[in-house]
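None of the values given here were measured: they were computed from a predicted structure.
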There are 2 protein chains.
Amino acid sequence: MEKLPPKTVERLSQYRRVLSKYEDDENSYIFSHDLARLLKINPVQVRRDLMLIGFSGNYRSGYRVQELIMLINKTLKTPKSQNSVIIGVGRLGKAIIHHIYPSNVCPVTLKAAFDIDPAKINKEYNGVFCYDVSKIPEIVKENNVKIAILTISDEDIQPIVDALIDSGVKGIINYVAGPLKIPKDIYFKEYDIRTTLEEMAYFIE
Amino acid sequence: MEKLPPKTVERLSQYRRVLSKYEDDENSYIFSHDLARLLKINPVQVRRDLMLIGFSGNYRSGYRVQELIMLINKTLKTPKSQNSVIIGVGRLGKAIIHHIYPSNVCPVTLKAAFDIDPAKINKEYNGVFCYDVSKIPEIVKENNVKIAILTISDEDIQPIVDALIDSGVKGIINYVAGPLKIPKDIYFKEYDIRTTLEEMAYFIE
DNA sequence: TTATTTTTGTTAATCAATTAACAAATTAAT
DNA sequence: ATTAATTTGTTAATTGATTAACAAAAATAA
Ligand SMILES: NC(=O)c1ccc[n+]([C@@H]2O[C@H](COP(=O)([O-])OP(=O)(O)OC[C@H]3O[C@@H](n4cnc5c(N)ncnc54)[C@H](O)[C@@H]3O)[C@@H](O)[C@H]2O)c1
Ligand SMILES: NC(=O)c1ccc[n+]([C@@H]2O[C@H](COP(=O)([O-])OP(=O)(O)OC[C@H]3O[C@@H](n4cnc5c(N)ncnc54)[C@H](O)[C@@H]3O)[C@@H](O)[C@H]2O)c1
């Protein structure tokens, strides 16, 4: 089956997230322009995305919310999704663990955390157990983990990344600055709020 | 002066950041393909971006690092850049304060933090003073703050956003989930790691 | 000198993403 | 009925971003 455009996949995840709060009544409907407003995008974008996943609305009353969520679930292969781990249980790591966990709409399961600090190891954070970094190969293989999140303070992340990839990880979300060699077949995303700040400073005049 | 494409501005910020570590020797040069590798992009992209800001390299030895940094500084109006504030000094807020502060390459200054919790108020976090949220109008106006970062646990962010905008904020980076009305002239960016996780889960097979 | 290599600078081509335009369907109002 | 109003579904057009292609420059080697 043909893969959807990345931006469409991103928005599907967002549609589902905002709609899950709308799903009070099992018969509720939403118009493309209302869904668009929730994401601050154009209604045509919404209709086009839903067209791409083959979802049909009602000419007069819009899209059936429950059905749409179910089709997004199916399209994004939820709930049988991927397992993930996080490396670095500091301020940012803990924030992310707490942010992901309570969400009944994030289908990616956080299976384990890793740290190098004995004070953090063998403790549970919001239901996620923290292991010593040396346990990465064992735990990652055992749980068929495919996604890793990097939130360590040490800038020398290469050894950790190598261990993760050797153990089968295919996707990495990195918040740590510093040079890094990544094979081309790894899905890699990096975010730095400083880039966003500087971009904003440039455009707000 | 014509504004640069947003993606180019993002990359300029990233070029500067990675180059500032390269700037040992005041006469060091870098090739477009080396700079490209650092950002995991195409060398043509680099040359095109530098062309857009009118930077010229040397046909045989590449681009002069120090000069390039200086031109990016000028292009992004550094150091006379914008002031920012952060609302919510929890796990994520503290992580961001620490992440921005030590950086001598992030020209956006964090002027103040705000929280609702008396235990956080009137303390300093990495040199950033935390005020009660009620002080937003006063502090924001006083410091000519144009950018705000939202990292509170409360999902009812509308009153805070309204206060910020009323006080002159033009750009907002939001990490808090929940519906929000924002005027069209505000530069607004929202990130949620759950979207990235779900997108990754879809594409890694 | 003359070819060879390497790298920049720039235009053209391609690819991706968004938005415009409008027909088709449906309902409500006249 | 007929008309008007609203909303979906889809194609076409536009805009934006990336990559390909290649000439020009400079250094090196033959
Ligand atoms: N990209 C962004 O927007 C952004 C925002 C905030 C923070 N950050 C970055 O995220 C990272 C974490 O920030 P923080 O505030 O949570 O730091 P922190 O010091 O609170 O936590 C870091 C954690 O990583 C652990 N650690 C360090 N080296 C390790 C290693 N080699 N192996 C395993 N664990 C290791 C430490 O023991 C600690 O628990 C930093 O690199 C910071 O710069 C990025
Ligand atoms: N987008 C992402 O990728 C991402 C990642 C992690 C966390 N988050 C979100 O960031 C937010 C903060 O997470 P955290 O782990 O730092 O939470 P936290 O509970 O550690 O900290 C929240 C802070 O906000 C303060 N606060 C709450 N309501 C406030 C209000 N009305 N005005 C001022 N201050 C207020 C609290 O006193 C506390 O200090 C949460 O909404 C969380 O879901 C988003």
Checking the side chain of A/Lys146 only, and the main-chain atoms of A/Gln82 only, is there a donor and an acceptor separated by less than 3.5 Å? no
Selected nucleotide, minimal atom distance to A/Tyr59 side chain, candidates D/dT19, C/dT26, C/dT8: C/dT26
Would B/Lys135 and B/Asp132 count as a salt bridge (Lys or Arg N to Asp or Glu O under 4.0 Å) here? Give the steps. CA-CA 6 Å; B/Lys135 291 258 175 64; B/Asp132 187 281; over 6 Å; no
Considering only side-chain heavy atoms of B/Arg60, which listed nucleotide, D/dA20, D/dA27, D/dT6, is closest? D/dA27
Closest listed nucleotide, where the reference is the side chain of B/Ser32 and the choices are C/dT27, D/dT19, C/dT8: C/dT8
Base, sugar-phosphate, or nothing: which does B/Thr8 touch, judged by heavy atoms less than 4.0 Å apart? nothing
Closest to the side chain of B/His33, out of D/dA17, C/dT7, C/dT19, is C/dT7
Nearest whole angstrom, please: distance from the C1' of C/dT18 to the NZ of A/Lys40. 19 Å
May I ask you to decide whether B/Lys189 forms a salt bridge with A/Glu199, counting only side-chain N to carboxylate O separations under 4.0 Å? yes
Can you tell me the distance, in whole Å, between the CD atom of B/Gln45 and the C1' atom of C/dG9? 15 Å
Looking for any heavy atom pair under 4.0 Å, which part of the strands does B/Pro5 touch: base, sugar-phosphate only, or nothing? sugar-phosphate
Rounded to whole angstroms, how far apart are CD on B/Glu2 and C1' on D/dG16? 14 Å
Without decimals, in angstroms, what is the distance between B/Ile41 CD1 and D/dT19 P? 9 Å
Check whether any side-chain nitrogen or oxygen of A/Arg48 sits under 4.0 Å from OP1 or OP2 of D/dA12, and answer yes or no. no
Residue B/Phe31, side-chain heavy atoms: nucleotide from D/dA17, C/dA17, C/dT8 that is nearest: C/dT8
Round to a whole Å and report the spacing from CG of A/Leu50 to P of D/dG9. 8 Å
Starting from P on D/dG9, measure out to CG on A/Asp49 and report it in whole angstrom. 13 Å
B/Val44 has a side chain; which of D/dT8, D/dA17, D/dT19 sits nearest to it? D/dT19
Residue mapping more 5' on DNA chain C - nearest nucleotide basis, A/Arg47 or A/Asn58: A/Arg47
B/Ser13 and side-chain hydrogen bond (donor to acceptor under 3.5 Å, both in side chains): which partner among B/Arg11, B/Glu10, B/Arg17? B/Arg17
A/Ser56 vs D/dT8: side-chain N/O to OP1/OP2 distance below 4.0 Å: no
Can you tell me how the ring of A/Tyr187 sits relative to the ring of B/Phe203, calling it parallel under 30°, perpendicular over 60° and tilted otherwise? parallel
Once you round it to whole Å, what is the distance between P of C/dA25 and OH of A/Tyr63? 15 Å
How close or far is atom P of C/dA17 from atom NZ of A/Lys3, stated in whole angstroms? 15 Å
Choosing from C/dG9, D/dT7, C/dT18, which nucleotide comes nearest the side chain of B/Met51? C/dG9
